[in-house]
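When a ligand or atom number is given, it counts from 1 through the structure's own listing order. Atoms considered below: every heavy atom in the structure, side chains included; atoms not considered: hydrogens, waters and symmetry mates. Note that the numbering runs from 1 along the sequence shown for the chain.
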Amino acid sequence: MNGKAVMKIPGSRSARKTAMAAFAVCLSVLLSVLPSCSHEEEYTKRSDGYRNYYEIFVRSFYDSDGDGIGDLAGVTAKLDYISKDLGADGIWLMPIMPSPSYHKYDITDYRNIDPQYGTLDDFATLIAEAHKRDIRVILDLVLNHTSSKHPWFTEAVKALWTGADSPTIDYYHFTTENPGQGYSMITDKYYYECRFWSGMPDLNLDNESLRAEIAGIAAFWLDKGADGFRLDACTSFYTGNNTKNIEFLSWLNGVVKAHKPDAYLVGEVWSDAGTVADYYQSGIDSFFNFPYATATGKIAAAINGSGGSSWASGLEAWNRTIRENGAVAVDALFLSNHDNGRSAGFLMRDPVREKMAAALYLLAPGDPFIYYGEEIGMTGSGEDPNKRLPMLWSLSDITGITDPPPGATQKVEGIDGVQEQIADRGSLLNYYKKILTVKAKNPEIARGEMHALDTGIGGVAAFTSSFEGKTVYVLHNLSGEEQKISLSGSGLAGLALSDSLTTGKKSPRIAGEYLVLPSMSTAILR
Ligand code: CA
């Protein structure tokens, strides 16, 4: 009996939870006669879909063959880094399908691997090696548009030129009237919708043949072992029409889950909180939590001054809202991604703030996403290529380090590489690892129902998370001073300090009637 058996349980994540409870009873009986299995190991074997994801821009990650371009074999080579040195157990691969652009968000073939990145055999190896390590792999699926070099589009344009008919004409939005912004001219009489740029013609997602193609593409990758998809540009499917976008996502969710019930879907709705929450009505598992991310989001605000108690109450309200909208609704917190300035910048390149920000968003309900390089404090902002710089594996050994993406003008500076940070107990990388180790020991944090706890101290973020009858207590001190929290006055009487994290020299401790939390530290009580 292992995690694989559990992953086959069909239905939504909440339905799986019920089945998991029965499985846990069965497992605990088994474990009671197996003295080598501890309480923590019991949970690490429970593959119920909750994951800590790592977003990888393959081109800039690890170059396995020395041509300067990162590749799938490079990702495979670094799976032990991801699972052991960092502690993540999910990967989001940015687009890997053939594409004329360096970022590959404009696809010419939905059923292959870009030759710069490798082959379908390399993909099979990556999936096999990832699954051996209990790492799930989700793929970027770009359905709003294709490349203008995709055969669907070139055939459609050819047919329009010659006056012939082609079924792919209706895959796009051609018109003889010029609608203006967001359209480009092709042939001497047609315009086509292209919201991002002329090289990315928008697809007509109402076309039934196209929907059948999309269902086939999803099945193709799921059959090759993909564990789900990251859905690009969901608000652009039907520009300005969230209702139609949610309908389309609901259809897609049904198609994907019918083929692979435990597949995981996370959508990009780069919008305000109310809009992101509405999209959970589609049944898609997760949407990236943009209102909490980036320089202007709530994580940066909590770290850079707005305090802790509002963090806990805000996150409780947010999780309640999304769970009211979606039957599954798994929050997807992140600090930054490939479209935003790296978090080291808005956290003032201050390792203490970077460590505390990591503790805040990783020790929270849901599936968080770590952008590659964030765990070592990589920098980069402004033009897109600067947000996607080569992973800094080492300061002294260039093995595997890729060339910068075209157009990059910045360099990662002022930090140690992976090699140096692995050897440094106080590094940001080792703090990430400690956080994820603590999280694995306390499965209620990701899975549970969260409630803010009032300690009476504005700089302290405190909450409980309850799952399957067990409750864990999480307290972060975001203030500049040590804080003494009354155990009896904060509903913490009788609890023990089970884990702690500190960015400084002193660790959290219980002293008599008080929990003593040094500045920028975290305590876990049970
Ligand atoms: Ca290469």
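The nearest N, O or S atom of Ile69 is closer to the Ca ion (ligand 1) than 3.0 Å.
For Asp65, the side-chain hydrogen bond (donor to acceptor under 3.5 Å, both in side chains) test picks out no residue, with sequence neighbours left out.
Between Tyr62 and Tyr81, the ring center distance fails the sub-6.0 Å criterion. Not less than 6.0 angstrom separates the ring centroid of Tyr264 from the ring centroid of Trp92.
Taking the Ca ion (ligand 1) as reference, the nearest N/O/S atom within Asp71 carries the name OD2. Within Asp65, the N, O or S atom lying nearest to the Ca ion (ligand 1) carries the name OD1.
Listed by first then second residue, pairs satisfying side-chain hydrogen bond (donor to acceptor under 3.5 Å, both in side chains) with a partner in residues 328-340 read Glu55-His338, Tyr105-His338, Asn289-Asp331, Trp318-Asp331, Ser336-Glu374, Asn337-Asn340, Asp339-Arg388, not counting sequence neighbours.
Remark: at the Ca ion (ligand 1), atom OD1 from Asp67 and atom OD1 from Asp63 enclose 80°, rounded to the nearest 10 degrees.
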